[in-house]
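Working notes, structure below.
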Amino acid sequence: MGWLKNESILVTGGGSGLGLALVQRFVDEGAQVTVLELNADKVAALQSCFGTAVVAVQGNVCSGADNQRAVEAAMARWGKLDCFVGNAAIWDHGLSLMGMTQEQLEKGFDELFSVNLKGYLLGARAAAPALLASGGSMIFTLSNSAFYPEGGGPLYTASKHAAVGLIRQLAFELAPKVRVNGVGPCGMASDLRGPAALGQQEMRIMDSRTPDAIAAILPLQFFPQAEDFTGPYVLLASRANNRVLSGVMIQADAGLGIRGIRHVAGGLDL
């Protein structure tokens, strides 16, 4: 029996990368999964891969109405909602402040924060009534950029720091009925892309990073796969394993929290 048997979980951005790995893990753990996904091809792929085990809804996390449709789809199919996972995001590929024009900065901010922060807020608002009724939980995907610099540029880093504040505020507001937590992964291969305002809409994370470059900055010295990060989400979503964690951010970053982002200085030679 899985830790999430018969738990109804809604995941945003579940069509690829970490989101898809979470969908697979949740299904393996016995959960009833609903996905809000922007890309129509990814929605079709989810339906083809998982059949009736997953409800896939095409929509934009930046739309309150689309978030509400996803919650309603979960309620219609599964009769309840136990966990909301805010996961959809875009990345700025490390573009620096001085690397942007004023126009790019203005439009890039609006687009990136709309997805990375407003999308979380709108999803939380849509899911909250059902989660209050079920005594459920929320989990938000953060990043190593939520805790220290150089995991992205100023737009992405600021958005993930803001998400930390959102988690703490919602954990306070929704207690005692709803637990609200976050997971901060490090770099991995995924379909994570950038804002169209910065000309990055077709750029994936591995277009500007390499597995070796990511592994080199991690104290654990390996390149993680998306599925390597799913365990903390299962822990936080599980009623059996988590009655006491709320307002907690798990740094699932292969040791980066030890020292932030810098090159390993001879650690393997000691």
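Note that this is a predicted model, so its numbers are computed, not measured.
- For Cys186 against Asn144, the heavy-atom pair with the smallest separation is CA-OD1, 3.2 Å.
- Note on Asp110 versus Lys107: no salt bridge recorded, every NZ/NE/NH1/NH2 to OD/OE distance being 4.0 Å or above.
- In this structure, Asn181 contributes its side chain and Gly247 its backbone to a donor-acceptor pair below 3.5 Å.
- Cluster annotation: Val43 and Trp78 are assigned to distinct hydrophobic clusters (Ile/Leu/Val/Met/Phe/Trp/Tyr, side-chain heavy-atom contacts under 4.5 Å, transitive).
- Rounded to the nearest 0.5 angstrom, Gln32 CD and Phe26 CZ are separated by 13.5 Å.
- The heavy-atom pair separating Arg243 from Arg239 by the smallest distance is CG-O, 3.7 Å.
- When all heavy atoms of Met100 and Leu198 are compared, the pair lying nearest together is SD-CD2, 4.0 Å.
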Given salt bridge (Lys or Arg N to Asp or Glu O under 4.0 Å), test Asp28 with Arg25 step by step and report yes or no.
CA-CA 5 Å; Asp28 291 345; Arg25 179 65 185 273; over 6 Å; no

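- If you take CD on Glu72 and CZ on Arg77, they are separated by 15.0 Å, rounding to the nearest 0.5 Å.
- Using a 4.5 Å cut-off on side-chain heavy atoms (C-beta onward), Asn67 and Leu36 make contact.
- Residues Val23 and Gly14 share a closest heavy-atom pair of CG2-O, 3.8 Å.
- Closest heavy-atom contact between Ile167 and Gly182: CD1-CA, 3.7 Å.
- By the rule that hydrophobic residues join a cluster once side-chain heavy atoms approach within less than 4.5 Å of another member, Phe147 and Trp91 end up as members of one cluster.
- Ring pair Phe140/Phe84 is perpendicular by interplanar angle, where above 60° counts as perpendicular and below 30° as parallel.
- At distances below 3.5 Å, at least one donor-acceptor pair connects side-chain atoms of Thr12 with backbone N or O atoms of Ala88.
- Annotation: the span from Asp82 atom CG to Ile9 atom CD1 amounts to 7.5 Å, rounded to 0.5 Å.
- Distance alone, capped at 3.5 Å, is enough to place a donor-acceptor pair between the Thr230 side chain and the Glu227 backbone.
- There is a path of hydrophobic side-chain contacts, each under 4.5 Å, that joins Val180 to Leu121.
- No donor-acceptor pair closer than 3.5 Å links the side chain of Glu37 to the backbone N or O of Lys42.
- Here Leu22 contributes atom CG and Glu29 contributes atom CD; the two are 11.5 Å apart, rounded to the nearest 0.5 Å.
- A single hydrophobic cluster is seen to contain both Phe223 and Ile217, as judged by linkage of ILVMFWY side chains at heavy-atom distances under 4.5 Å, directly or through other members.
- A heavy-atom distance below 4.5 Å is found between the side chains of Tyr148 and Leu256.
- In this structure the side chain of Tyr156 reaches within 4.5 angstrom of the side chain of Asn116, judged on heavy atoms.
- The aromatic rings of Phe113 and Phe109 sit parallel to each other, their planes meeting at less than 30°, with 60° as the upper class boundary.
- Judged by distance alone, the side chains of Ser8 and Lys80 never bring a donor and an acceptor atom under 3.5 Å apart.
- Residues Asn87 and Tyr233 bring no donor and acceptor atom of their side chains to less than 3.5 Å of each other.
- If you take SG on Cys83 and CZ on Arg179, they are separated by 8.0 Å, rounding to the nearest 0.5 Å.
- The two residues Ala74 and Thr34 have their closest heavy-atom pair at CB-OG1, 3.3 Å.
- Judged by distance alone, with hydrogens and angles left aside, the side-chain atoms of Gln221 form a donor-acceptor pair with the main-chain N or O of Ala216 at under 3.5 Å.
- Within the 4.5 Å cutoff, no side-chain heavy atoms of Leu218 are placed close to those of Asp253.
- Rounding to the nearest 0.5 Å places CG of Asp92 at 11.5 Å from CD of Glu111.
- Proximity of a side-chain donor or acceptor of Ser238 to a complementary backbone N or O of Leu4 within less than 3.5 Å is not detected.
- A 4.5 Å side-chain heavy-atom check between Leu105 and Leu155 finds at least one atom pair inside the cut-off.
- Side-chain N or O atoms of Ser48 include none that pairs as donor or acceptor with a backbone N or O of Ala44 at under 3.5 Å.
- Residues Leu132 and Val178 are in side-chain contact: their nearest non-hydrogen atoms beyond the backbone lie under 4.5 Å apart.
- Heavy atoms of other residues, nucleotides or ligands lying less than 6.0 angstrom from CZ of Arg168 number 12 at most.
- In the hydrophobic clustering of this structure, Trp3 groups with Val33; members are Ile, Leu, Val, Met, Phe, Trp, Tyr whose side-chain heavy atoms approach within less than 4.5 Å, directly or through other members.
- Heavy-atom contacts from other residues, nucleotides or ligands closer than 6.0 Å to CZ of Phe222 number more than 12.
- No side-chain heavy atom of Leu174 sits under 4.5 Å from any side-chain heavy atom of Leu131.
- For the pair Leu10/Val55, no side-chain contact is recorded, criterion being any heavy-atom separation below 4.5 Å from C-beta on.
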Please step through side-chain contact (heavy atoms from CB on, under 4.5 Å) for the pair Leu38 and Val61, ending with a clear verdict.
CA-CA 8 Å; Leu38 178 63; Val61 295; over 6 Å; no

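- Around atom CD of Glu106, no more than 12 heavy atoms belonging to other residues, nucleotides or ligands sit under 6.0 Å away.
- For Lys177 (side chain) and Ser134 (main-chain N/O), no donor-acceptor pair under 3.5 Å exists by modelled atom type.
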